[in-house]
Protein chains: 2
Amino acid sequence: MAQKFWTDDVTELLRVRDGFRLSEVDPAATPGTAADKKAGQAELARSAQELRELQEKLFAQSRVGARERVLVVLQAMDAAGKGGIVNHVFAQLEPYGLALAAFKAPSEEERAHDFLWRIEPRVPGPGLIGLFDRSHYEDVLIQRVRGFAPPEEIERRYGAITDFEQRIADDGVRIVKIMLHVSPEEQAARLLDRLGDPEKHWKYNAGDVDERVLWPAYMDAFQLAIERSHAPHAPWFVVPANSKWYARAAVQRIVITELQRLNPSWPAVDFDVAAERARVESTLDLSWPTRSGS
Amino acid sequence: MAQKFWTDDVTELLRVRDGFRLSEVDPAATPGTAADKKAGQAELARSAQELRELQEKLFAQSRVGARERVLVVLQAMDAAGKGGIVNHVFAQLEPYGLALAAFKAPSEEERAHDFLWRIEPRVPGPGLIGLFDRSHYEDVLIQRVRGFAPPEEIERRYGAITDFEQRIADDGVRIVKIMLHVSPEEQAARLLDRLGDPEKHWKYNAGDVDERVLWPAYMDAFQLAIERSHAPHAPWFVVPANSKWYARAAVQRIVITELQRLNPSWPAVDFDVAAERARVESTLDLSWPTRSGS
């Protein structure tokens with residue numbers, strides 16, 4: 001790599017600040033880089049090792065009591081590329097260190113409880129990187145747009161969400177909230193692509209079009225959810241996602257950066273290394289009835 | 001690749017048959033290939049795409065009702081390379097298609113139930129590839145060697161295991177049981193390696209040496225468990241594992257072969273593709289208040 005892929009700190013460019021306007025974000029842009037698809041894919045592969053090493057340290061230190069962990073909340077319109085983020089970024093993690101939770105439409109039992117009832121048990125444990133594929137934000141997005149809950153209940157939820165996120169952050173959860181932002185034209189192209197390829201038919205959901213026609217209402221709901229819930233301990237990042245290669249490289253870099261802030265380290269152990277070595281060595285001379293070494 | 005990595009059908013070479021003797025398996029051998037570490041690592045990378053495609057089809061067809069799935073049971077002595085199999089073979093799968101279950105020493109609640117009580121809920125659902133990292137076989141391995149259960153209870157368990165495996169196989173679970181087989185000399189080398197590297201200290205478990213000195217009893221318990229439970233619907237494969245590159249490539253090939261036998265296919269969908277395309281196209285002209293395409 002003669003040239004650096006990131007020419008600027010992409011995490012700062014994409015981080016939501018006071019006064020944020022979703023309508024001013026261009027889904028086709030690629031902030032922080034002047035590179036192309038090929039370079040983006042190379043960057044994604046190149047940084048996998050960096051991501052894994054940070055994850056392994058985070059996991060290792062939890063074995064001796066550290067409580068830090070990461071929760072990535074992923075929200076987007078349909079066909080915006082959530083699946084690709086899972087399969088190309090989070091698939092780079094060691095399986096034991098990843099806690100994946102996909103939240104579908106709530107079941108009857110889930111609807112009978114407060115909206116956070118099904119969320120709380122899925123908060124990742126110490127040492128893990130959790131990914132919420134959709135989340136408690138559905139309860140102020142589709143539920144608002146569709147009127148599944150009355151306005152005063154939706155209003156109550158913004159406060160409940162910020163209380164909830166403050167509480168888990170205090171317990172050692174580093175929260176990273178990401179909106180993948182595609183344009184409606186790009187969404188249409190992707191839906192048509194799925195319909196044009198029999199190997200992708202199973203990914204097509206007729207219900208996606210019902211939500212698609214409510215696009216402006218969804219954008220308003222995203223705007224409101226983001227401005228009501230962004231905070232230093234629970235930042236939002238809005239990632240332009242018309243270019244899949246850009247969105248993947250950007251999400252990878254955001255996760256790496258948050259892991260670096262946690263600064264995990266190889267843990268010191270509480271056993272006597274020399275004594276353990278002597279114990280293992282004392283068992284070397286035993287004769288075993290196997291053919292090993294033949 | 002000018003030369004084929006596998007010169008023979010490795011899955012047939014490693015499959016347990018009547019009359020199997022664990023003591024005749026050389027943990028340092030590499031049956032089915034004459035290649036070396038470098039070629040083994042290349043083979044592992046090369047076949048990732050084949051594995052993923054089969055997995056994706058298996059997952060896709062389950063969305064329209066197919067019940068097939070795969071359960072890989074992984075057993076081994078400590079430091080035999082289970083973690084490496086997870087991180088280098090199963091990490092190649094799409095995260096949503098993998099159901100990972102690690103069975104540690106049973107909790108007090110688990111001990112209060114039948115030994116299969118904690119196993120049953122972890123059997124993978126349709127479309128998934130499940131991995132049991134340790135399993136119900138611990139209940140006839142460490143439990144036998146350590147005398148944690150009386151002989152008549154251990155004896156009962158062999159029958160309970162074969163009944164259980166027959167039942168889930170009848171429900172569409174393709175069972176693949178794998179023993180990673182290292183020599184005691186190789187285990188000692190790996191334990192000393194962990195003790196010699198501060199970045200690996202956290203992986204060292206002093207209890208492993210307590211089990212290590214019982215090696216012959218463990219080999220007897222493995223022999224017995226394997227001969228009592230291998231069956232056409234629930235085969236055992238004993239994989240020589242002194243060479244990590246060999247064990248990983250062999251396990252990958254075993255899983256690919258079992259997936260090929262299931263022969264998953266892209267599912268036919270029940271919606272009208274042309275009508276859906278027309279629905280999407282009818283929404284193309286709507287004007288959206290975004291800056292996309294700018």
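Chain identifiers are assigned alphabetically (A, B, ...) following the order of the sequence lines, protein sequences preceding nucleic acid strands; residue numbering begins at 1 within each chain.
For the set A:Arg277, A:Glu94, A:His201, A:Glu199, the entry with the most heavy-atom pairs within less than 4.5 Å of chain B is A:Glu199. Comparing A:Leu191, A:Leu131, A:Leu100, A:Asp208 by how many heavy-atom pairs each has under 4.5 Å with chain B, the most go to A:Leu100.
Residue pairs meeting the salt bridge (charged side-chain N to carboxylate O under 4.0 Å, His left out) criterion with at least one partner in residues 267-276 of chain B, sequence neighbours excluded, are B:Glu276-B:Arg279.
If you measure heavy-atom distances from B:Asp210 to chain A, the contacts under 4.5 Å come from both the backbone and the side chain. Heavy atoms closer than 4.5 Å to chain A are found nowhere in B:Ala268, neither backbone nor side chain. Using a 4.5 Å cut-off between heavy atoms, A:Lys200 makes no contact with chain B at all. Both the backbone and the side chain of B:Trp202 come within contact range of chain A, with heavy atoms under 4.5 Å apart. Looking at A:Ala102, the atoms closer than 4.5 Å to chain B (heavy atoms on both sides) sit in the backbone and in the side chain alike.
The nearest pair of heavy atoms linking B:Val280 to A:Ala188 is CG1-O, 4.0 Å. Contact between B:Leu195 and A:Val273 at its shortest, heavy atoms only, is O-CG1, 3.4 Å.
The side chain to side chain contact (heavy atoms under 4.5 Å, CB included) test with A:Pro95 is passed by exactly one of B:Leu93, B:Asp133, B:Asn87: B:Asn87.
At a heavy-atom cut-off of under 4.5 Å, chain B is reached by A:Arg52, A:Glu56, A:Phe59, A:Ala60, A:Arg63 from residues 52-71 of chain A, listed in order of number.
For the pair B:Leu192 and A:Glu281, the minimum side-chain heavy-atom distance is below 4.5 Å. Between B:Val269 and A:Tyr204 the shortest side-chain heavy-atom distance does not fall below 4.5 Å.
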